[in-house]
Amino acid sequence: GCSIDGADSSGANPEITVAGCEGANVAYITSATSVAFWRSLSVGIQDAAADANAEVTVYDSDNSQSKQLQNAQDAITAGVDAIILSPTDTASAPAVLDAASAAGVPVIIADIGTDSGDYVSLIKTDNVAAAEGAGEELVAALQAAGFDEGEVGIIGISQTRQNGKDRTEGFSGPVEAAGYTIVPLLESADYTRSESLGFTQDLLAGHPDLLGIFTEHDEATQGALTAIDGAETPIVVGFDGSPDTLASIKAGDVAAAAMQQPVLMGQEAFTAACSFLDGEDVDAEISVETILVTTENVLAIEDQVQDTVFKE
Amino acid sequence: MTVNIPLLEASGIQKSYGATRALAGVNFDIGRGEVVALVGENGAGKSTLGKILAGATEMDEGTVSVNGMPVSFHSTKDALDHGVAIVLQEFNLIPEMTVAENLFLTRPTGYRWGWWKTRKSQVDQASKAIADAYMDFGIDPEALVSELSVAQQQIVEIIRSLSVDAQLFILDEPSAALGRRETDSLLQLIRRLRDDGRSVIIVTHRLDEVYAVADRIFVLRDGIARGEFDPASTSTDELVAAMVGRALDKEMHEARTIQTPGDAVLTVDKLVVQGSSSECSFQVRRGEIVGVAGLVGSGRTELIRAIFGADPAVSGTVVLGGTTGVIRSPLAAVRAGAAMVSEDRKQLGLHTALTIHDNVVLSYLAKYGKFWLNRKKLDADVAQQVDDLRIKIGGSWLDAGVLSGGNQQKVVLAKWLLSKPELLILDEPTRGIDVGARAEFYRVVDDLVAQGMAVLMVSSEMPEVLALSDRVLVMSKGAIVTELSREEATEERILSFTEVMAAA
Amino acid sequence: MTATVAEQRTPRSGWSKFVATYRIEAAMLGALVVLAVVLTIIEPRFLSSSNMQNILSQVMVLGIIAIGQTLVVLTGGIDLSVGGIAAVSIVMGGLVMPSAGVLVGVSVMLLVGLLAGLVNGILVAYVKLAPFIVTLGMMSITASLAYVLSDGRSIFNLPDAFAFFGKGNIAGVKFYVIVFVVLYIAAHIFLTRSKPGRFIYAIGSNPEAARLSGIRVSFYQVIPYAVTGLLCALAMTIESSRLGTIDPNTGSGFELTTIAAVVIGGASLMGGKGSVLGTLIGIFLIGVLQNGLNIIGVNAFWQGTALGTVIILAVVLDRLVRVRKR
Amino acid sequence: MTATVAEQRTPRSGWSKFVATYRIEAAMLGALVVLAVVLTIIEPRFLSSSNMQNILSQVMVLGIIAIGQTLVVLTGGIDLSVGGIAAVSIVMGGLVMPSAGVLVGVSVMLLVGLLAGLVNGILVAYVKLAPFIVTLGMMSITASLAYVLSDGRSIFNLPDAFAFFGKGNIAGVKFYVIVFVVLYIAAHIFLTRSKPGRFIYAIGSNPEAARLSGIRVSFYQVIPYAVTGLLCALAMTIESSRLGTIDPNTGSGFELTTIAAVVIGGASLMGGKGSVLGTLIGIFLIGVLQNGLNIIGVNAFWQGTALGTVIILAVVLDRLVRVRKR
Ligand SMILES: Nc1ncnc2c1ncn2[C@@H]1O[C@H](COP(=O)(O)OP(=O)(O)OP(=O)(O)O)[C@@H](O)[C@H]1O
Ligand SMILES: Nc1ncnc2c1ncn2[C@@H]1O[C@H](COP(=O)(O)OP(=O)(O)OP(=O)(O)O)[C@@H](O)[C@H]1O
Ligand SMILES: O[C@@H]1[C@@H](O)[C@@H](O)CO[C@H]1O
Ligand SMILES: [Mg+2]
Ligand SMILES: [Mg+2]
């Protein structure tokens, strides 16, 4: 079915209360600034901090666990009041949590999660459910076009990450259930549009009758569209959202995209940090909804997407 | 044209390398159509002076004028623009390029329209240049320089510099890598240049060449001019005394201690070298020096490299220090008691980036070294070698690459002597070594032989072969064509064998 | 005067000379052909004309940059900054393009690339710093500036006319294919026939000898770096036109892949040895392999193993050919 | 025998010998000190003892690997596979550790590293392939195998005793600090005082002359690669113990940073020149800079610009010192 669950559940901008942390100094340690998603999350944090008159310093871990721990050590040396962490993966977070708790610095985890350790709050989204939505949209679109069986491809994000596995799993469920075959996934290494363009070309060379493609990140969505170059098939459904993706949905080139709301996640993360510093209670887990943007609902929720998914 | 203005005049030339004073205020001049021989010991500053005059090195102080006009050269090109060309002591060819390209790489005529390389602009001109120099020693203009023998490379260097239109040619040890025949051609060429009104400065350690072509002899010692001599009225002894600062005690011929040789140290039996079909058999015994004579390209180097295990042999047997069979690696040769001073010092002998100390200890370490170095002993041993061979250095921790050519050769020799070999193989051992050092070198070798060492010596210097050898093997086209005893061996006889074979 | 070794002179026919000169290139071409045959057997679609076009479009960026890298390696240098220069040049051009137009935008791209390359060259040739360090520093600086200037965001509101570079045709042939072919031919002729080209070999083989031969070593050492900078910008201009967007996050890994292509093509990192023909084959060897692995659906995790193995096997093959020749 | 050159021979003082040998290292140490002073002025916390400990923990991995890289570069080689070897070795050890215990696990790590290094060394020394290609291929293969074996997942259920390597103390000093210091001292002594050490320099400066001197060139050429493989495993063992997890995705960029440290420390990529003292300073220069930029809160986007600029400035300084000396 066609789900638009995200559209109304999270509503417009939530009221952000940023009272008591004026002058606080917060570190945001992100797994990679080269990925648009993390930059949007960082924008969310910085916006919220600006409202609260607090300072944010962004540290880039460059996808390295060691660099991440180094950033944590250095942030602690620099005397930050709190750390917001987007870990490189769940296994790498505990080392940061240990270092921070030894120094008495509170940590809020924004996305990904941790295997163990103490933290104030975890801001998370459900990748499996979101990808399932994208898979269902593709099945619907394929059936509408009269294709009942055939091959579907995936251009994945790193499958070494839980969110990558979740997206692949979530997407594959409804698609395989509907009788389509999923061909071996191609995994992004540098997350550039050129790379995805090449991948799509190769996918099509090996599977000229490919019916659909699931792209697990924005650059892949655009790379795939470039390769497909306006053809009827394969039909593209994506994950994440950028201005490009939004425009492509409006133009009907992309059937649907499951979008997390990183700006919102960033705002939530900072709010949690701020509340904690202010002595308030903070929920240990804060779930931020994903939104499924389709050619049908895109005009209705465009404004929300622009505020909570990416912000210029 | 005013007769009293020299072609080139240099005064007060000073040059230091760090703490080393290479030239300490030298005045030098040369007239038109004059050949000046620049002589002196290793490290005297000859190459430095040549390089300064040719723009290859900049001087610290002093003035140079050409045709009475002061000049200041910042590159060899500057010098060439003023009519000064040089053949440097070290090889300066591009090994991956052809002979023709090397000859015309930087010449305007090497390119059509100034930048476009064609066969016509290079290969044809190269053939002509080689022919014009009467130096066609089998050099194919289209061959890669890396495929040429050392001698052929040297000839290419000479032709490259001498075929330009210059007023003054500076030749830094041009004959060091040449055989007799090639040297004769070179001397001819120099005479022709002089007859043509050109001037030549020739640096050489071979006094016969000095007397053969020089109009004037200029002696340097320790960076200071020690006088100018007229070859017609100066004896060799006087000249040598000026060069080394004292009289040399003996003629080397007499210096040799002839003794009855002992058992064979090296037995070569039916050895076939790669690329040759001849079987070579001979022995070298304890206490004797066996000389190997032959023309350039006669295969002497190939033979000794195969004996030493540097190149694989095709078949045959080598008996050395308890090993029988073909020697498969230099290490095996070193362990069996052999040492080999290669003919190409820069490529095969010296580690120019390493210190003198580190160069000298290498073969000793390969042969005897334990895991940890005994630094006290090594320091003492190196100091001993430096003293014995009179290597002129500022300190054994300095890079070997900065030494003068002759001193570099001594460092290589020191490396081998430290490994206490039973058999010393020498390939052109005194190439680039000055008279004084050469006499010392002969004495060192003589001492070693007197103590029982066996020596196999390849040399293109006939006087050296005759003076040192107990026996002489003559090679031609990869084969040993005859063996002459010390008494039988004369320059004419040796040449007759090589010529007969070459003509055949 | 008799020539003592004249009898050893072997006449060189044009063909045997060609073989002697391009032996390594020939061996690598052999490896490429073997690879293509194997891939075709596994998946006949590999040979389809649309896939050949794909491969061409995929090797285009690194292929163009690798020409510059070849020149640099020939001088005995190395350029690690290619990816960063590619990124910063298109970002700067992309920032002005919406307001200043395509012509100005593209000129800025090329100019920035050229300038960054010039800086590399000057630091290497005149300040005499190690190329590895200079270009490593430049890589870090340019990649960082590309982020700073674009604020990390892709630039996508590009004028329509910009699409020509990546999508336009001239006489039915893609513009970039023409550029690619012309550049390789020009580079080959430049290196083998022109004076500066020969000087580049001489400098790489023995800089001191080159200096003493009267070559202005520093001057000719700058050219390869400047050309490389320019080519980075050109390649990325075409690529971003093809993609319709300018991505500041581009270029990582360009250095290793281009250098690998140059070395696989027979060049020596010590300088003085190599050719753009070899580089071309090297680039295709890597490109065909990646394309082939994707087409036959090799698991993403295993692709690195396959890639690494084939690269090593290719040079083993070259090695065997060389030993045989002896 | 009178020494004719006695007047030119300078007294053999230990000091002038030391200066002649370690001039570049001294210049780089100067650069490091300047950097530290500047950072302290901007942010006094830089000098705090906890920050000094941080720096030490941060340079540890690359510092240990850089020792091996120094040996390789001294022979005239290059090792691009350090990151991949680091990853695959800890993954293989990590897979067996939960069932087989810490001792077996760590032994497997070290063994895998050693073996991978040996393969590099054998391909370079005996099969005579270009080090750049061999280790590039090895990088690709090992990184890929690390993924395949771990299925891309971090391994985190490690036995408690494993924590010792990264967190344990001996007599109040962190175990890894002791390892680090001991390794540098050992490497320095090995290179300057042992026979294989001297041979490594000789091989790097002129391999053919080394062979003719009776050195088993191929044998001694293998050692540096094998040691590097082992050190990659050791460094990453310590690091993953410190992080409490084994990450198959580790190691990217290790090659460039370690080579940069070696070159900043005065080594030549042509071989035969360099020292582990220089490398140590190079590693600290990079490490201190990164730490300092973080501490004084320089924006992540700008850090690359700062890093690149300082690296280039450091070698410019070295260059100035060298020219002055002439
Ligand atoms: N580049 C250099 N760096 C340091 N010292 C040098 C350099 N070139 C020459 N020297 C030193 O300057 C002195 C003069 O050297 P030069 O090469 O001029 O001697 P030479 O007379 O040509 O000797 P030879 O007969 O051995 O060639 C020597 O002590 C030498 O070690
Ligand atoms: N690297 C090489 N490649 C090809 N041919 C070579 C090479 N070196 C030498 N030759 C050839 O081998 C033959 C013998 O070599 P070489 O000139 O070294 O002999 P030689 O008798 O030792 O002479 P000399 O020592 O006087 O130079 C020559 O014809 C030479 O051209
Ligand atoms: O692209 C994804 C984002 O969507 C976010 O989930 C973090 O990881 C990145 O790789
Ligand atoms: Mg000299
Ligand atoms: Mg010879």
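Each chain gets a letter, A, B and so on, in the order its sequence line appears, and its residues count up from 1. Just so we're clear, the structure is a prediction, and the values are computed from it rather than from any experiment. Just so you know, these numbers use all the heavy atoms, side chains as well, and skip hydrogens, waters and symmetry mates.
Ranked by non-hydrogen atom pairs under 4.5 Å with chain D, the options C:I311, C:I133, C:V263, C:I78 are led by C:I133. The residue among D:I259, D:V134, D:L80 with the most heavy atom pairs within less than 4.5 Å of chain C is D:I259.
Annotation: side chain of D:Y225 is not in contact with side chain of D:T228 (no heavy-atom distance under 4.5 Å).
Considering every non-hydrogen atom in both D:L71 and D:I200, the closest pair reads O-CG2, 3.9 Å. Nearest heavy-atom pair, C:K128 versus C:S218, reported as atom, atom and distance to 0.1 Å: NZ-OG, 3.5 Å. What you find for C:T135 and C:F132 is that their closest heavy atoms are OG1-O, 3.5 Å.
Although no hydrogens or angles enter the test, the distance criterion places no donor-acceptor pair under 3.5 Å between the side chain of C:S140 and the main chain of C:G137.
With a threshold of 4.5 angstrom between heavy atoms, C:A260 approaches chain D through its backbone and through its side chain. Of the two parts of C:V316, the backbone and the side chain both hold a non-hydrogen atom closer than 4.5 Å to a non-hydrogen atom of chain D. Only the side chain of C:M139 comes within contact range of chain D, with heavy atoms under 4.5 Å apart. Heavy-atom distances place the side chain of C:L136, and not its backbone, under 4.5 Å from chain D. Of the two parts of C:L313, neither the backbone nor the side chain holds a non-hydrogen atom closer than 4.5 Å to a non-hydrogen atom of chain D. For D:D151, the parts lying under 4.5 angstrom from a heavy atom of chain C are both the backbone and the side chain. With a threshold of 4.5 angstrom between heavy atoms, D:L123 approaches chain C through side-chain atoms but not through N, CA, C or O.
A donor-acceptor contact under 3.5 angstrom links the side chains of D:E25 and D:S275, judged on distance only.
Once rounded to the nearest 0.5 Å, the distance linking CD1 of C:I65 with CG of C:D79 reads 9.5 Å.
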